[in-house]
Amino acid sequence: MLLSRLQRASRSALRTYATVAEASGVKVAGFEGGSPPATTSITVVVKGGARYESKPGVAHVLKNFAFKSTAGGSALKTARETELYGGVLSSALSREHLYLTAQFLRGDEAHFLELLASVLSSTHYYPHEYAELVLPSIESETLASLASPSTLALDLAHSIAFRRGLGNSLYASPHSPVSAADVKAYAQQAYAKSNIAVLGGGISTDNLAKAVQSAFGGSSSGGSSLSGSTSTYYGGEQRVPLDVHATPGAQPTLIIAFGSAGEAKPELKVLPHLLGGQSSIKWTPGTSPLALIADKVPGSSIKATLYPYSDASLLAVQISAPTSEAVGTLAKEAVQAIKAAGSAKAEEVKKAIAQAKFAEATKFEYSDLFLQTAGPALFSGSIPAPDSSFASLDKVTASALTKSATELFKAKPTVVAVGDLGVLPYADELGF
Amino acid sequence: MAVGGALGYSLAPILKSRYAGIAKLLKPVANLYASAAGWRKMGLKYDDLIPEESDEVQRALSRLSPRESYDRVFRHRIAFQQSILHKPLPKDQWLPVSEDKRYLTQLIKNVEAEVKEREEWDSLIVERKKGH
């Protein structure tokens, strides 16, 4: 009996969620749900996020330059043809990756893969297109990020925590202009074949590999890929004045973050669930410490989130409240709760592990989380099943959690305050 | 909109492509005409004379590089001044034939092609493929 259990364990450890094939030098994986879905989505995952950029903001510009005129036709042609096919084209940028996605009706993969291939290999990067089509969208995205306290605070928290590399802002800034030639040079490096992978949803790996082979076959741009420096955690403080009345819905925000180098350990994955913040049940704050604190001020929210990256991770506790005074008092209480997380009881740890497992298991069910999880995994050659981390999560004990929590909180915290600076507390007033 | 687009009609492309011999014969006459017309004596390039009061040309002008745009305005100012004085520039300041390049024509053609493409897509009739 013991033997059979062992075998089962080893099989589940080996099992991967989707097979990864290689087509014309590009790693390819397709996910097919149980019943054949009506749509297919294909995403080109490019290892060329903000982290690798050669000039501040160039990755953001490259993201918005996607689907502009190529050797295959103008931006207008791309847009109109996509409308006729009933597809959706989108591009997204994260700190480590750039995602170019096409969603379309099943059966149109040949057309859309050709389109994606031409975007990668033959976008013209015309200066006039940059000025007329790309720059306005970049400008509005940057302004929107500056007007949203939570986006701004998170971006600043990363730059304070990691400085360069992972600390690079996701948004281009007017202070460091990027030219069309800069984007072209960056694209040539970022879109090298060794730097991209293709992820499909609603299509089998075999079919996707065949389609990729025929679409990407011609372009054999080996090229040198981008390389970033390894991340180091620094920590520090940043305070930004913001007139929260100027933007409706904007709340003063304070972020307390702790970073650590290396890939996120299972203890670190459990920690945000131990701190909690957001209730999983309706009409009650739940029992997590941060949620109980947030419940004291109506309209406020506190949430702990782990931002995992390939060689570092950031645990951020974000506090927002209707007034800066409330943010200040909540932040002081939140710091006490964070400190107490190291000495959590065994049953609390158990609860947090269960929630962490649920979060891991549902990762593949939301398209954005799916991209963030499966995309990077594709480069390593295998995509693990959503339940593959369960075994390591189960092994997390209260003492191991205490150890990694004290280690994490020993380093200098990253504190970003956005709001009324006359009221918001400084980092050393929070009581670390 | 001007007849024949912002650039107007020209027989030159037809002559060049179909009747290369005649085009070659007419070339010295054309050169003579160009210097007699006198824009080079005012320090202007031929493309400075294209009427800019149309959306297409305005868009093409916005696509000039900052340097080209500055030089264009500079040439215009000199030409205006000479026009006020009712005399051409001193001969050593005339625009050399080698510098009389069509820096704007291609941009206008690109803009016109874009407008035409948009019109085509706007009036597109979609037909179902056979067998679908």
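By convention in this document, chain letters (A, B, ...) are assigned in the order of the sequence lines, proteins followed by strands, and residues within each chain are numbered from 1.
- Heavy-atom neighbours of B:L11 CG from other residues, nucleotides or ligands within 6.0 Å: at or below the threshold of 12.
- Residue A:Y126 places its OH atom among 12 or fewer non-hydrogen atoms of other residues, nucleotides or ligands, all under 6.0 Å distant.
- Shown here are the side-chain contact (heavy atoms from CB on, under 4.5 Å) partners of B:L124, two or more places apart in sequence or in another chain: A:L84, B:W121, B:V126.
- Within 6.0 Å of the CG atom in B:D55, the count of heavy atoms belonging to other residues, nucleotides or ligands does not exceed 12.
- Separating the CZ atom in B:R59 from the NE2 atom in A:H128 is a distance of 8.5 Å, to the nearest 0.5 Å.
- Remark: B:Q93 CD is packed, more than 12 non-hydrogen atoms of other residues, nucleotides or ligands lying under 6.0 Å away.
- A:E114 CD: 12 or fewer foreign heavy atoms inside a 6.0 Å radius.
- Residues A:S74 and B:E114 have side chains that never bring a donor and an acceptor to within less than 3.5 angstrom of each other.
- Side chains of B:E117 and A:R80 form no contact here, defined as non-hydrogen atoms less than 4.5 Å apart.
- Within 6.0 Å of atom OH in B:Y103, more than 12 heavy atoms from other residues, nucleotides or ligands are found, so the atom counts as buried in its surroundings.
- Of residues 62-78 of chain B, those residues with a non-hydrogen atom less than 4.5 Å from any non-hydrogen atom of chain A are, in numerical order, B:S62, B:R63.
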